[in-house]
Amino acid sequence: GAVVSQHPSRVICKSGTSVKIECRSLDFQATTMFWYRQFPKQSLMLMATSNEGSKATYEQGVEKDKFLINHASLTLSTLTVTSAHPEDSSFYICSARGDPYEQYFGPGTRLTVT
Amino acid sequence: GENVEQHPSTLSVQEGDSAVIKCTYSDSASNYFPWYKQELGKRPQLIIDIRSNVGEKKDQRIAVTLNKTAKHFSLHITETQPEDSAVYFCAARAAGNKLTFGGGTRVLVKP
């Protein structure tokens with residue numbers, strides 16, 4: 001299958017700071033990328049959908065000014081968690097879709113806000 | 001929007017036995033149904049998928065069945081092995097839409 005990378009894999013930041021997470025499709029062009037958040041022992045919760053060159057579509061309850069998404073190219077999307085707080089600590093996973101059906105996940109970023 | 005229910009939430013089986021996980025979906029327009037396996041702290045891995053134009057698909061010890069009329073689909077793992085222990089997620093999607101995930105099933109294969 002296709003390869004999706006994500007960086008960093010782990011990050012610890014202080015409350016009030018911002019953190020940027022990168023998601024790259026390495027061997028295919030991703031027309032659509034997705035950002036998920038996963039709390040321990042829970043399912044994946046979609047935060048937003050982004051298409052290259054256009055604004056992201058956020059799910060209900062997700063603050064677009066807090067979770068900034070940029071999808072500048074067909075291989076790169078970034079998620080910036082602004083003014084992070086401890087409750088933002090979670091496992092953030094990106095996903096990319098090039099094929100009309102299949103969707104591949106990045107390895108995830110574990111964010112800890114202290 | 002789409003709603004996907006997954007059962008059971010936990011499943012414990014003896015090595016060599018079969019495991020079955022069932023999912024139901026609500027949107028009759030959904031036409032793509034993938035299954036993902038997620039090990040602790042790792043990414044979900046696509047293990048098998050089925051599209052609405054087929055009723056069954058098999059890949060070695062893994063099979064998926066789809067009943068469009070009843071709007072349910074199932075994952076079957078035969079001859080389970082300890083390395084099959086993980087969390088499994090079903091998902092459903094209508095064309096061009098986002099994937100909606102089930103709540104997950106934690107499978108434990110006891111040696």
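Lettering follows sequence order; numbering is per chain, from 1.
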Same hydrophobic cluster for A/Ile21 and A/Ile69, using side-chain heavy-atom links shorter than 4.5 Å among ILVMFWY?
yes

Hydrophobic clusters here meaning ILVMFWY residues chained together by side-chain heavy-atom distances under 4.5 Å, can you tell me if B/Leu11 and B/Tyr88 are in one?
yes

Can you say whether B/Gln38 sits under 4.5 Å from chain A via the side chain, the backbone, both, or neither, judging by heavy atoms?
side chain

Which atoms of A/Gln38 are under 4.5 Å from chain B, going by heavy atoms: the side chain, the backbone, both sets, or neither?
side chain

Can you tell if the side chain of A/Glu102 reaches within under 4.5 Å of the side chain of B/Tyr32, non-hydrogen atoms only?
yes

Test item: B/Arg43 side-chain N/O and A/Phe105 main-chain N/O as donor-acceptor pair under 3.5 Å:
yes

Side chain, backbone, both or neither: which part of B/Pro34 has a non-hydrogen atom closer than 4.5 Å to chain A?
neither

Atom NZ of B/Lys58: over 12 foreign heavy atoms under 6.0 Å:
no

If you draw a 6.0 Å radius around CG in B/Leu108, do more than 12 non-hydrogen atoms from other residues or ligands fall strictly inside?
yes

If I take atom NZ from residue B/Lys98 and atom CD from residue A/Glu59, how far apart are they, to the nearest 0.5 angstrom?
3.0 Å

Closest heavy-atom contact between A/Phe91 and B/Gly41?
CZ-O, 3.8 Å

Taking side chain as C-beta onward, heavy atoms only, is A/Gln103 less than 4.5 Å from B/Asp49?
no

Consider only side-chain heavy atoms of I, L, V, M, F, W and Y, link residues closer than 4.5 Å, and tell whether B/Phe73 and B/Val107 are in one cluster.
yes

Cluster check B/Tyr25, B/Leu75: I/L/V/M/F/W/Y, side chain < 4.5 angstrom
yes

Does atom CD of B/Glu79 have more than 12 heavy-atom neighbours from other groups under 6.0 Å away?
no

Taking atom CD of B/Gln60 as the centre, does the number of heavy atoms from other residues, nucleotides or ligands within less than 6.0 Å exceed 12?
no

Could you tell me if the side chain of B/Arg93 sits less than 4.5 Å from the side chain of A/Arg97, heavy atoms only?
yes

To the nearest 0.5 Å, atom OG1 of A/Thr49 lies from atom CG of B/Leu99 at 9.5 Å

With a 3.5 Å distance limit and no angle check, can you tell me whether A/Ser43 reaches the backbone of B/Phe101 through a side-chain donor-acceptor pair?
no

